[in-house]
Structures are given as structure tokens and as C-alpha cells.
Amino acid sequence: MTIDLKSVPQKYQVFLPILHYADRNGDKMLDRRDDRRFAGKTLDQIVSGGILKRVVERMARKSVRLQKRSRVSQKRLTWAQRRKITNFRRYAIKKLKTAITWVDGPNRTKVPGGFFATGVQMKAGASTIANYRQIFTRDACITIMGALTTKDRTLIKASRASLLTLAAVQAKNGLMPEAAKYDSKGRPKPSDPVGGVIAYDANPLFIIAAAHYFDKTGDVSALKKLFPKIVKAMDFMVSSSKSKLTFNLPDGNNWQDRAHGQYGNVSSIQGMYTEAVESFGKLYAYVKRHQPRLLRSVRGVHLIKSMKAGKFDPKVIVQRQRKFVKKHLFLTPGNYWSYIKRLADNFNKMPAPKIEDSKNPFNITNVLFADRVKFARGKPSGYVISGMRTHNLDPRFDSWSNIVWMLSGHLTKDQSQRIVRHVSGNKIDHPFPIKVIYPSAYGVYYNSYTGRDPQNRPGTYQNGGIWPYQGFYYIAAVNQSGLRSKAIDMFFKYIGHMKKLDRQQKCSMPEWLDIVKGNCGRSKFSAYVLGRKRNYDFGSRVDMAWTSGGALAASYAIAKNKNPFDFRGKLAAQRAGASTQDLFPQVMLAFIKWVYGAFTGTAEI
């Protein structure tokens with residue numbers, strides 16, 4: 001521009017900010033024609049001649065395009081990369097279809113009956129596979145989240161069948177079963193829980209998966225069958241907890257099958273509970289507006305009465321949960337040691353068993369993990385701890401807890417990127433996406449946490465091993481945090497390794513990997529059973545359904561640059577708040593509209 005912006009008359013001061021912006025960003029906001037219009041003109045001629053009006057119109061249109069463009073990462077996928085993603089999704093869909101169980105349908109046909117935990121078929125003498133040939137609530141719901149990112153009709157039908165099968169065996173009090181299976185007559189029945197304890201993560205996962213299924217498909221017939229079950233499942237969580245804010249976990253299991261003694265305010269359960277409350281709130285609002293007759297069947301449920309009385313508001317619960325995780329569960333170098341010291345002081349004031357008391361493994365041993373937890377150097381890092389209770393704190397990094405909180409959108413981008421920096425700084429992502437927990441339980445901690453379980457030795461299985469389904473969802477979480485370039489690099493490195501395992505070790509979509517080279521997990525050990533020494537060879541299962549589901553979710557996130565946990569259909573959830581990188585274009589666009597309105601006397605462009 002040829003105008004001296006330092007000598008602008010007073011009557012044109014209102015245009016000074018926009019002229020400064022045009023001068024600094026001429027290559028983005030102006031073209032050569034605009035520059036020629038300014039050339040050799042005085043400011044009076046620019047304003048009175050309509051030149052500024054045309055420039056403002058052009059800048060407004062380009063600002064809108066820049067605003068949309070700022071939401072997309074700078075790194076774009078090449079044609080070859082998109083081709084790899086397409087081929088990998090076909091591979092994952094093929095593997096996931098092997099985990100579908102088929103039942104008798106009308107006219108002697110076979111229809112999908114749901115997702116088994118694995119696609120490996122039972123063989124003679126393979127009794128260990130029988131436990132995996134069930135529809136686990138946890139596995140099926142995590143699988144459904146990935147299956148819904150496809151348009152494959154078979155996977156959509158299997159997702160529907162899984163939800164209806166699990167809903168059919170729901171307990172009277174609203175508790176979802178850990179697993180369901182079909183009897184000899186093809187009727188679903190609940191399966192005995194692993195270890196005789198209840199899976200408390202089944203309820204929130206069922207609600208999340210059911211809400212996302214309806215959001216994706218708009219299946220009203222399935223909604224009519226599922227909504228009463230969803231209400232009962234939500235009512236169970238609210239009524240069984242001492243506080244509506246948090247879901248206090250009694251002595252039960254989660255995906256780790258009680259291996260690490262998590263109870264109290266377990267972070268992963270809190271994240272699922274928050275997402276379940278938000279999903280239930282959106283589903284309830286939709287039913288109230290479009291399907292009010294469904295509310296008649298559940299009007300006697302205590303939760304519905306509380307919502308009508310204004311005592312239970314999902315939006316308020318979600319907002320309070322975000323504050324709760326920031327205050328109590330998200331640790332940074334600034335609040336870490338003071339928080340641990342406070343809990344240790346509280347513990348010293350209470351009568352509690354000593355560390356050496358092996359009869360009660362749930363004690364202050366968790367606090368002693370603090371000396372092994374390290375924060376990444378350099379840029380600020382932080383993470384969501386595994387769990388907390390008044391006299392029981394587990395400050396270790398639990399991967400699934402952090403992944404759930406990141407994908408649910410209840411953490412800020414700064415918090416999510418702090419988690420990614422913590423993972424990279426402590427090499428939790430080595431050799432491949434992420435270890436399930438860091439650091440591993442060892443010594444007296446190993447004895448108290450796992451009960452000396454030989455298959456959970458440090459660095460194996462659930463005690464620090466690598467679970468691919470979590471790795472895939474972590475890649476989606478990294479992409480959601482705004483670090484798209486890092487997510488793309490991790491994804492293509494990971495799928496290359498997965499194909500290599502399938503090609504060389506016949507280990508397709510494995511259950512877990514070792515932490516040395518990322519090979520198919522295998523743990524050889526000896527144990528005394530009934531006074532006799534026996535040798536065991538515990539290997540990873542293959543063709544796991546939730547691994548394939550995670551692969552579909554991650555590939556969807558990378559290909560579309562979208563979060564698989566977002567609602568984009570019937571429920572159409574809008575995440576609250578705009579990102580920092582989008583703030584300036586929005587403000588600039590508002591200012592341009594105001595200037596244009598002041599100049600032309602109109603309210604809109």
C-alpha cells in the first residue's frame with residue numbers, strides 16, 4: 001500500500017485497524033487489483049470512491065475462508081497415504097467381520113448376532129478361547145465406536161445386534177452384564193463375571209455406544225427398544241454413587257480385570273461417566289422433542305423424576321466434572337508433590353494397614369509410586385492420574401484414562417498437548433503408540449497390585465504391556481489435540497508394524513504386544529499349583545474385535561481429521577468453545593462486519 005498510515009486524519013481513525021491489518025497481511029487478504037486501486041490515491045478518494053468498500057467485502061469473504069481453513073491442519077495427506085488408509089480400513093473391516101456371531105433369522109437365514117471378543121474360531125481342546133467367544137459389553141461397545149465410522153451394512157447390523165443383545169440381559173436394577181452369550185436355543189443370557197466381580201465400566205460404555213449408534217443411523221425402532229434400558233443404566237450409576245458429580249467405583253473390575261485393584265474415583269470410569277451423562281442428556285432432549293411417548297414407559301424411574309424436578313441436569317454435571325478433573329485428577333509439576341503430600345498426611349491420620357500387610361493390598365503403597373513418576377523436561381507437561389481416594393492415590397499414568405478424557409472433549413487443547421508431551425518425554429510411546437500403564441508395578445507393588453499374578457509381570461500384559469486398541473485410540477486423541485502431523489506419523493508407522501506382524505508372525509489384530517520390539521505378546525512362566533510346579537506359555541490372542549474397531553476409529557480420525565467420539569448426526573452435538581487458533585479470525589471478521597456496517601449504513605454484508 002502507498003498510504004502513510006501514520007498520518008491518517010481523525011475522521012478516518014475508525015478505518016485505521018483494518019488498514020493496518022490489510023497492510024500487514026496483503027499477501028493473504030488483498031490481491032494485485034486491490035493494491036492497484038490503492039496506488040496513487042488519497043485516503044479521501046479511497047473512502048469516497050467506494051474502493052474501501054470493495055476491499056472490505058473481499059477481505060470479509062477471504063476471512064471466512066481463512067477461518068474455515070484454520071481448523072484444518074497444515075499437513076495434508078498425499079494421494080499415496082490416502083490409498084494406504086483405504087487399504088488398511090478394508091483390512092480392518094475384513095478382520096472385524098470374523099468376530100461377528102451369526103444367529104438364525106427369519107426365513108431360515110443367518111443374521112448378525114453381535115461382536116464376539118475375538119474372531120478366532122473354537123477348535124477341539126481350545127478351552128481358553130471359549131471365554132473370548134462371548135459378547136463382552138466393554139469390548140463390543142469400544143468396537144462399535146470404530147464400526148460406526150464405516151458405511152458397511154454388516155458392521156452396522158452387528159452393532160445394532162450387540163446393543164440389543166446386551167440390553168436383553170440387563171439386570172433389573174439397571175446393571176449391564178460383563179458379557180452375554182447365546183444358549184443352545186439361540187437365546188441370549190448373561191455370562192458369569194470374570195473373577196466374580198462386577199464390570200462397572202459396562203454401564204457408561206453401553207450408554208455412549210447406544211447414543212452414537214442412533215446419532216449415526218437414526219434407527220428409531222432400535223431407539224424404542226434401547227431407550228428404557230439406557231435410562232435404567234444411567235439411573236443405576238446415579239443411584240449407586242454417593243455423589244451425582246462422580247461415579248464412585250466399589251470393589252469391581254474394569255478393562256484390567258481387577259489386576260491393579262482400582263476402586264474409588266477411577267479416572268477412566270470418571271471420564272466414561274462424564275461422556276455418558278453428556279450422551280444421555282442429548283438423547284433425552286431428542287426423545288423429549290421427537291419421541292415423547294417413550295418417556296411414558298420410564299416416567300416411574302427415579303432419574304427421570306429428578307430431571308423433571310431440576311435436581312439432575314446433565315449440562316451442570318458435565319461442567320462440574322470438568323472442574324473436578326482439573327482440580328483433583330490432572331497433575332502438573334506445579335501441584336504434584338503438594339497434592340501427594342496432602343493425601344499422605346490424610347492417610348497418616350487414619351487407622352490403616354501397613355505396607356507389608358499383604359491381606360489388604362489397597363493401601364498407601366500407591367503413594368510410594370510418586371518417586372518413580374517423572375514429568376517430561378522442557379515444555380510444561382501433565383496428565384490425568386489413574387485414580388484417587390482419601391487414603392488411596394494412584395499417581396501413575398493410566399493410558400486409557402487419559403485417552404478417554406482427551407477424546408471426550410472435556411480437556412482443553414493445552415491439557416491434551418501436555419499429556420502428549422508427558423508420554424513422549426517419558427518414552428511411554430516407545431516402541432509403539434502407548435503402554436497401558438506407567439510405571440509398571442514391581443517388587444512389593446507388584447505383589448500388592450496383582451496378587452503375584454505371573455502373567456502380569458512388569459512390562460507384560462496389563463502391567464505395562466502394549467494394547468493395540470488403546471494405541472489406535474491414542475492416535476485419534478493426539479490428532480484431536482491439534483498435533484496432526486505427529487498423529488499422522490504415528491499412524492503410518494503403527495499400521496506398517498501391524499501388517500508386518502500379520503505377515504511374519506501370523507499375529508493379526510493382536511490383544512497385546514511386548515514392550516521390547518512390539519512383537520506379538522508372549523509370557524512364559526512357571527507357577528506352583530496345588531504343590532506342583534507347572535510351566536505356562538501365555539500368548540496374545542489374535543483377531544481381537546476391539547483392536548479392529550480401534551484401527552477403524554484411528555484411520556477415520558486421520559483420513560477425515562475428525563473425532564470419532566463427536567456427534568455429527570441426529571444428536572448433532574456442538575462442542576462448547578472455540579479453539580485459540582480460531583479466535584483471531586473470528587474477531588477480525590466481526591470487526592470487518594462492523595466497519596462495513598458503519599460505512600454503508602447496513603447491518604450485514
Side-chain angles (χ1 to χ4, degrees), residues 137-138 141-142 145 175-176 197-209 211 233-256 258 260-281 303 312-332 335-336 339 343 362 366 382-412 415-416 418-419 422 436-437 470 473-474 477 480 565:
T137 306
R138 178 187 308 119
C141 292
I142 293 175
M145 296 300 293
L175 177 66
M176 296 303 300
V197 291
I198 300 171
Y200 283 98
D201 58 347
N203 278 51
L205 283 172
F206 173 75
I207 296 172
I208 295 170
M234 193 74 229
D235 183 64
F236 172 81
M237 288 195 294
V238 176
S239 60
S240 62
S241 182
K242 297 179 181 179
S243 169
K244 294 179 182 178
L245 173 61
T246 61
F247 180 41
N248 194 31
L249 182 68
D251 186 12
N253 72 27
N254 54 9
W255 79 270
Q256 293 172 317
R258 205 187 177 193
H260 297 282
Q262 292 183 329
Y263 73 122
N265 289 325
V266 179
S267 299
S268 60
I269 305 296
Q270 295 303 321
M272 295 176 201
Y273 174 73
T274 306
E275 184 69 10
V277 170
E278 185 180 29
S279 302
F280 175 77
L303 177 63
F312 184 86
D313 188 351
K315 293 182 180 179
V316 174
I317 300 298
V318 170
Q319 291 174 358
R320 291 180 178 176
Q321 273 285 65
R322 292 177 179 178
K323 295 180 181 178
F324 177 82
V325 69
K326 181 179 180 181
K327 182 178 180 181
H328 296 289
L329 297 180
F330 196 84
L331 295 191
T332 62
N335 68 357
Y336 185 77
Y339 189 62
L343 286 177
F362 311 118
N366 302 346
Y383 65 98
V384 178
I385 62 174
S386 179
M388 61 161 288
R389 200 173 181 179
T390 305
H391 63 283
N392 184 303
L393 168 71
D394 191 349
R396 293 182 299 165
F397 179 89
D398 179 64
S399 300
W400 187 235
S401 299
N402 287 268
I403 292 169
V404 169
W405 279 106
M406 291 170 70
L407 283 177
S408 62
H410 302 306
L411 296 180
T412 64
Q415 289 175 322
S416 297
R418 280 173 176 260
I419 293 173
H422 181 78
V436 294
I437 202 161
Q470 291 191 15
Y473 276 106
Y474 176 67
Q480 174 67 11
F565 272 50

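Remember, it's a predicted structure, so these values are computed and weren't measured experimentally.
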Separation between CG (L329) and CZ (F324), nearest 0.5 Å, reads 5.0 Å

Under 3.5 Å: donor-acceptor pair, side chain of S401, backbone of S268: yes

Taking atom CG of L205 and atom CD of E275, what is their separation to the nearest 0.5 Å? 10.5 Å

Nearest 0.5 angstrom please: S416 OG to L411 CG, how far? 5.0 Å

Q321 side chain near Q270 side chain, heavy-atom distance below 4.5 Å: yes

With rounding to the nearest 0.5 Å, note down the distance linking CD in E278 to CD in Q319. 10.5 Å

Hey, are the side chains of M145 and I208 touching, using non-hydrogen atoms and a 4.5 Å cut-off? yes

For residues W400 and I403, determine if any side-chain heavy atom of one lies less than 4.5 Å from a side-chain heavy atom of the other. yes

Do L303 and F280 come within less than 4.5 Å of each other through their side chains, counting heavy atoms only? yes

Plane angle bin for H422 and Y383 - parallel if under 30°, tilted between 30 and 60°, otherwise perpendicular: parallel

Indicate yes or no for a side-chain donor-acceptor contact from D398 to the backbone of I437 under 3.5 Å, with no hydrogens or angles considered. no

Side chain proximity check, T274 to V325, heavy atoms < 4.5 angstrom: no

So do M234 and V277 actually touch side chain to side chain, heavy atoms under 4.5 Å? yes

Does S267 use its side chain to pair, donor to acceptor, with the backbone of I385 at less than 3.5 Å? yes

Looking only at non-hydrogen atoms, find the nearest pair between P314 and F312 and report the distance. CD-O, 3.8 Å

4.5 Å side-chain heavy-atom contact, V404 and F565: no

Taken to the nearest 0.5 Å, the spacing of D201 CG from I142 CD1 works out to 7.5 Å

Is the side chain of Y273 donor-acceptor paired with the backbone N or O of M237 at a distance under 3.5 Å, no angle test? no

Are the side chains of F330 and R418 in touch, meaning some heavy atoms are under 4.5 Å apart? yes

How many angstroms lie between OG1 in T412 and CE in M406, if you round to the nearest 0.5 Å? 10.5 Å

